[in-house]
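Note on naming: letters A, B, ... go to the chains in the order of the sequence lines (proteins, then strands), and numbering restarts at 1 for each one.
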Number of protein chains: 2
Amino acid sequence: MKNLVKTLKSKKCKITPQRLAIYNIIKNSHDHLNVDAIYKKLASDYPTISLATVYKSLELFAQLGLVQVINVGENSFRYDANPKSHPHLVCTSCLTVLDLDETLFPSLTSSVESSTKYKITRQQLCFFGICPDCLELESSSTLTTSS
Amino acid sequence: MKNLVKTLKSKKCKITPQRLAIYNIIKNSHDHLNVDAIYKKLASDYPTISLATVYKSLELFAQLGLVQVINVGENSFRYDANPKSHPHLVCTSCLTVLDLDETLFPSLTSSVESSTKYKITRQQLCFFGICPDCLELESSSTLTTSS
DNA sequence: GTACTTGCAAATATTTTGCAGTTAC
DNA sequence: GTAACTGCAAAATATTTGCAAGTAC
């Protein structure tokens, strides 16, 4: 939060309740919410907030490097309060998106740069699979339906 | 193309000129086109084809495992005639999307599986950067504007 | 006080759907 | 001949924009 306030001030952007609320929601969710989910979470505290405000705030945050926009193959974007590019792990069953530790994959960028002539600025690693909870549900439902 | 015909037949799907044309376009483009680009490429040969047909055909191809749907953080999807999951390289300047050789990154999946309890089914690696052509343009325009 | 911000409504973009007419087989 | 497919138009979904009213500073 201090980071948000400091960055907004330094760019002469105003510190509004809406912006604080939106940033808080992203910051405090382990999952990576999309605009709609953020909007719905705001609904109880800010019944009159508009989707446009959520979009505008998120775009500002992204420009200021406060959040990262991620896309895991859905037709909507999700937002991550950690602006540093890092790998994500998607459960294709319950659709949650977790962070992974980047240190699992050292020096991917440099191997791409050396084998192509590209100057790499960013990478997006995304793994799709089934989380332990869903795996368990799956196996128990298999037992049920097979009876 | 033989692959397309064989797969369509085996699933009792009809082999229509539209489907052949759409598949051809994806297959023959080094870049990874989105629906709009495919539709525009079709325009000269099939002036009456509809966007809906392009969408429906691509969805069918994806379901049959003939193409891969990719998303590199745009708000539209691109299509790849190589259905095997493999890394992509995006030039953020000219917006082309190239394939990378998967062998550059061995055993990513297994290291994710061993460090989480997830069962990984698919991965998407995407590197963003500037291609050699755009790098060159950039440096020459810098020289020009700085004069 | 004023420049920035919000919230609404309308616009735009992408994708999906329903259905009547057409076509591959 | 018929089930599958196409093309159109309308709907659904996601995002952006213009602008009048409101608010942080």
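The terminal axes of the helix from C:dG1-D:dC25 to C:dC25-D:dG1, fitted over 5 pairs per end, subtend an angle of 30° to the nearest 10°.
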Per-pair distances, 0.1 Å, donor-acceptor, side chain in residues 12-21 of chain A, under 3.5 Å, sequence neighbours excluded:
unit_1	atom_1	unit_2	atom_2	d
A:Thr16	OG1	A:Arg19	N	3.2
A:Arg19	NH1	A:Lys14	O	2.8

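Using a distance-only test at 3.5 Å, with no hydrogens or angles considered, no donor-acceptor pair links the side chain of A:Asn34 to the main chain of A:Arg78. Put simply, the side chain of B:Gln124 never gets that close to the backbone of A:Cys126: no donor and acceptor are under 3.5 Å apart. Formation of a donor-acceptor pair under 3.5 Å by the B:Thr96 side chain with backbone atoms of B:Cys91 is not found in this model.
For residues 35-61 of chain B, the pairs satisfying side chain to side chain donor-acceptor pair (under 3.5 Å) are B:Asp36-B:Lys40, B:Ser50-B:Thr53, B:Glu59-B:Gln63, with sequence neighbours left out. Within the structure, salt bridge (charged side-chain N to carboxylate O under 4.0 Å, His left out) contacts touching residues 87-105 of chain A (residues at least two apart or in different chains) are A:Lys84-A:Glu102.
Placement of B:Leu60 and B:Ile49 within a single hydrophobic cluster is found when ILVMFWY residues are connected by side-chain heavy-atom separations under 4.5 Å, directly or transitively.
Here the side chain of A:Ser76 is nearest to one of D:dT15, C:dA24, C:dT5, namely D:dT15. When distances are taken from the side chain of B:Thr16 to each of C:dT15, D:dC5, D:dA24, the shortest belongs to D:dC5.
One can place OH of A:Tyr39 at 13 Å from P of D:dA14, the figure rounded to the nearest angstrom. Rounded to an integer number of Å, the gap from CZ of B:Phe77 to P of C:dT15 is 7 Å.
Contacts between residues 40-71 of chain B and DNA chain D, counted as heavy-atom distances below 4.0 Å, involve B:Thr48, B:Ile49, B:Ser50, B:Ala52, B:Thr53, B:Lys56.
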Protein-nucleotides 1-3 of chain C N/O pairs closer than 3.5 Å?
unit_1	atom_1	unit_2	atom_2	d
C:dA3	N3	A:Lys14	NZ	3.0

